[in-house]
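Let me begin by presenting the structure, written as structure tokens, before commenting on it.
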Amino acid sequence: MWCQSWGVSVPAVVLRPGKQRSLQRRHPWVFSGAVSRVDGDPAPGDTVEVVADDGDLLGLGAYSPASAIRVRMWTFAGGRGAHPSSGAGRGPVDATFVAERVRAAAARREGLLASGTDAARLVFSEADGVPGVVADRYGDTVVCQLTTAGAERWRDVVADALAGLPGVRVVFERSDGDARAREGLEPRTGTLRGGDPDPGLVVHEGVRPGSGEPWRWHVDVAGGHKTGFYLDQRNARAVIARLAAGRRFLNVFSYTGAFSAVAAGSGATSVLSIDSSAPALAAALRNAELNGVDPGEHLEADAFTALRGLRDRARQYDLIALDPPKLAANERQLDKASRAYKDLNLLAIKLLAPGGILLTFSCSGAMGADLFQKVVAGAALDAGRTVRIVDRLAQPSDHPVPLAFPEAEYLKGLVLEAD
Ligand code: SAH
């Protein structure tokens, strides 16, 4: 089929019988195995019509010939509104459309950005109807990742839309994760709009207990993990601020020490930060200094080895944070990752003093909340401790999860109290 919509020829991706169902439920991915044929000759990132085998138009998406996710949907045909932010069932997908999606996503964060922080995720890919585009705001600087062929196709439009947001001075690109390789794209980093990012960039968050002052975090836009900072752990930082007073705090996988500084500034009696990265620990010293708190002890080590060492020395902690990197990149790695999560949690639970609290996280999207809880339950059993869930944590509101796209959910945390 070679459709003639809006006076221009739009290539079409025709699905195999039955493969339209997930799109009818507004799930935004078309896997390569669902495609029966491609009519026309779309280039990577071009907009294609996605059509059921009976000829029904299902919507418009961005074509990714190199990826297992062959099309990422921009709009869905039929029903009420194509996307919460668009209101239109059918394109065209043009510069105005893409820029409007980006601006609408940013507008949804205005409330958050007006309530005590100048750092928030502005655009969260499919969750905001802009597949492949992540954009994080740090004060006057926006750091974006363009991870798909569709995002790459609209890079200038996205960059202009972000640069046009009020108060934005620099738009910097950090498209250097693994995702681009799966789309056949080279890594790219550097300034997209404005000048160089400020190497001393500091963001502000919340209010410290007992003072009107915010927490201050240095963000290394060019060299830090992801876009420079773990925005997604904002809620956990607030929980640690509430729990830390009078407690000995162990921060495992401490990165740039945000949890450590929050605990130290909220009355923890001691803080030990463990990370295998020397630059991360150096950055943690800087964050402690920025907040005028004691940096505590730092241990540059593999967390598994370090936890065993602490166990062998019978050390005890009243509050532990366990926030490992993504241990399962996909479902095939789940068994191995489950064993690693169990080992870590077992070691951490053993280090809890009576009445101690463990904040334990998994940021592996492939590991669901149920499985994570089961793995942690197994660890508690092996540790011989009675452990209760007293709170649950998840990615915050600027990392939303569409009901039609549960894959957006990746971060889950349990706040556990041991007898
Ligand atoms: N909780 C942190 C984010 C942790 S990111 C925050 O809120 O900022 C995960 C961290 O784990 C990274 O800093 C990485 O350097 C560290 N890491 C990865 N593998 C490790 C290992 N085997 N042992 C210790 N640290 C490790």
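- Counting non-hydrogen atoms of other residues, nucleotides and ligands closer than 6.0 Å to CZ of Arg169 gives a total above 12.
- In this structure the side chain of Leu60 never reaches within 4.5 angstrom of the side chain of Val50, judged on heavy atoms.
- A 4.5 Å side-chain heavy-atom check between Tyr230 and His225 finds at least one atom pair inside the cut-off.
- Residues Leu122 and Leu113 come closest through the heavy atom pair CD2-CD1, 3.8 Å.
- Looking only at distances, no side-chain donor or acceptor of Asp128 sits under 3.5 Å from a matching main-chain atom of Val130.
- Nearest heavy-atom pair, Tyr63 versus Val38, reported as atom, atom and distance to 0.1 Å: OH-CG2, 3.8 Å.
- With ring centers used as reference points, Tyr317 lies 6.0 Å or more from Phe249.
- Side-chain N/O atoms of Ser254 and Asn251 include no donor and acceptor closer than 3.5 Å.
- Contact annotation: the side chain of Leu231 approaches that of Tyr138 to within less than 4.5 Å [non-hydrogen atoms, C-beta and beyond].
- In this structure, Cys363 SG and Gln395 CD are separated by 10.5 Å, a value rounded to the nearest 0.5 Å.
- Side-chain atoms of Asp220 never come within 3.5 Å of backbone atoms of Gly228 as a donor-acceptor pair (strictly under, hydrogens ignored).
- Atoms CZ and CG, from Arg155 and Asp160 in turn, are 12.0 Å apart once rounded to the nearest 0.5 Å.
- Looking only at side-chain heavy atoms (C-beta outward), Arg26 and Phe405 stay at 4.5 Å or farther from each other.
- Using modelled atom types, one side-chain atom of Arg174 and one backbone atom of Gly224 make a donor-acceptor pair closer than 3.5 Å.
- Note: Tyr410 and His399 have tilted aromatic rings, judged against thresholds of 30 and 60 degrees for the angle between ring planes.
- Annotation: side chain to side chain donor-acceptor pair (under 3.5 Å) contacts of Glu205 (sequence neighbours excluded): Trp217, Arg237.
- No side-chain N or O of Tyr255 forms a donor-acceptor pair with one of Ser273 less than 3.5 Å apart.
- Between the side chains of Gln145 and Thr147, no donor N or O sits under 3.5 Å from an acceptor N or O.
- Side-chain atoms of Val13 and Arg70, non-hydrogen and from C-beta on, never get closer than 4.5 Å to each other.
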Show your working on side chain to side chain contact (heavy atoms under 4.5 Å, CB included) between Arg188 and Asp176 and close with a plain yes or no. CA-CA 6 Å; Arg188 281 183 75 161; Asp176 53 3; over 6 Å; no
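- Shown here for Val71 and Gly61, the closest heavy-atom pair between the two residues is CG1-CA, 3.6 Å.
- Side-chain atoms of Lys412 come within 3.5 Å of backbone atoms of Ser364 as a donor-acceptor pair (strictly under, hydrogens ignored).
- Taken from OG in Ser67 to CH2 in Trp29, the straight-line distance is 9.0 Å, to the nearest 0.5 Å.
- A donor-acceptor distance shorter than 3.5 angstrom exists from the side chain of Arg180 to the backbone of Glu186, with no hydrogens or angles considered.
- The distance from the CD atom of Glu173 to the OG1 atom of Thr227 is 12.5 Å, given to the nearest 0.5 Å.
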Salt bridge (Lys or Arg N to Asp or Glu O under 4.0 Å) between Arg109 and Asp136, worked out: CA-CA 11 Å; Arg109 276 67 171 188; Asp136 289 342; over 6 Å; no
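- Side-chain atoms of Asp398 come within 3.5 Å of backbone N or O of Arg121 as a donor-acceptor pair.
- Scored by the salt bridge (Lys or Arg N to Asp or Glu O under 4.0 Å) test, Lys226 finds Asp232 as partners (sequence neighbours excluded).
- For Asp178, the CG atom sits in a loose shell: 12 or fewer heavy atoms of surrounding residues, nucleotides or ligands are nearer than 6.0 Å.
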Going through the checks in order, is the salt bridge (Lys or Arg N to Asp or Glu O under 4.0 Å) test met by Lys19 and Asp53? CA-CA 8 Å; Lys19 295 296 184 188; Asp53 75 305; over 6 Å; no
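- Side chains of Leu322 and Phe361 form no contact here, defined as non-hydrogen atoms less than 4.5 Å apart.
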Please test Gln373 against Ile389 for side chain to side chain contact (heavy atoms under 4.5 Å, CB included), starting from the C-alpha separation and ending with a verdict. CA-CA 10 Å; Gln373 185 174 320; Ile389 299 171; 3.6 Å; yes
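- The main-chain N or O of Ala43 is found under 3.5 Å from a side-chain atom of Asp46 such that the two form a donor-acceptor pair.
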Can you list the steps and then say if Val262 with Arg208 is a side chain to side chain contact (heavy atoms under 4.5 Å, CB included)? CA-CA 8 Å; Val262 165; Arg208 292 178 53 167; over 6 Å; no
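- For the pair Phe97 and Trp74, the tightest heavy-atom approach, listed with the atom from each and the gap, is CE2-CE3, 3.8 Å.
- Side-chain contact between Arg193 and Phe172 is absent, with no heavy atoms from C-beta onward closer than 4.5 Å.
- Val171 and Cys144 make their closest contact through CG1-SG, 4.3 Å (heavy atoms, listed as atom of the first residue, atom of the second, distance).
- A side-chain donor-acceptor contact under 3.5 Å links Ser115 to the backbone of Leu112.
- Scanning both residues, His27 and Met73, for their nearest heavy atoms gives O-CG, 4.5 Å.
- When Asn345, Leu359, Leu347, Leu358 are each tested for a side-chain contact (heavy atoms from CB on, under 4.5 Å) with Ile320, only one passes: Leu358.
- Side-chain contact, Gln20 with Asp56: no donor N or O sits under 3.5 Å from an acceptor N or O.
- A donor-acceptor pair under 3.5 Å is absent between the side-chain atoms of Glu126 and the main chain of Arg72, judged by distance alone.
- Here Ser338 contributes atom OG and Lys374 contributes atom NZ; the two are 10.5 Å apart, rounded to the nearest 0.5 Å.
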Applying side chain to side chain contact (heavy atoms under 4.5 Å, CB included), run through His218 and Leu290 and close with a yes or a no. CA-CA 8 Å; His218 172 247; Leu290 258 178; 3.9 Å; yes
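- Remark: side-chain polar atoms of Ser211 are paired, donor with acceptor, to backbone N or O of Glu213 under 3.5 angstrom.
- The side-chain heavy atoms of Met367 and Val375, taken from C-beta on, include a pair separated by under 4.5 Å.
- Put simply, NZ on Lys336 and CG on Leu327 are 9.0 Å apart, with the number rounded to the nearest 0.5 Å.
- Under a 4.0 Å N-O distance rule, the pair Glu289/Arg286 does not qualify as a salt bridge.
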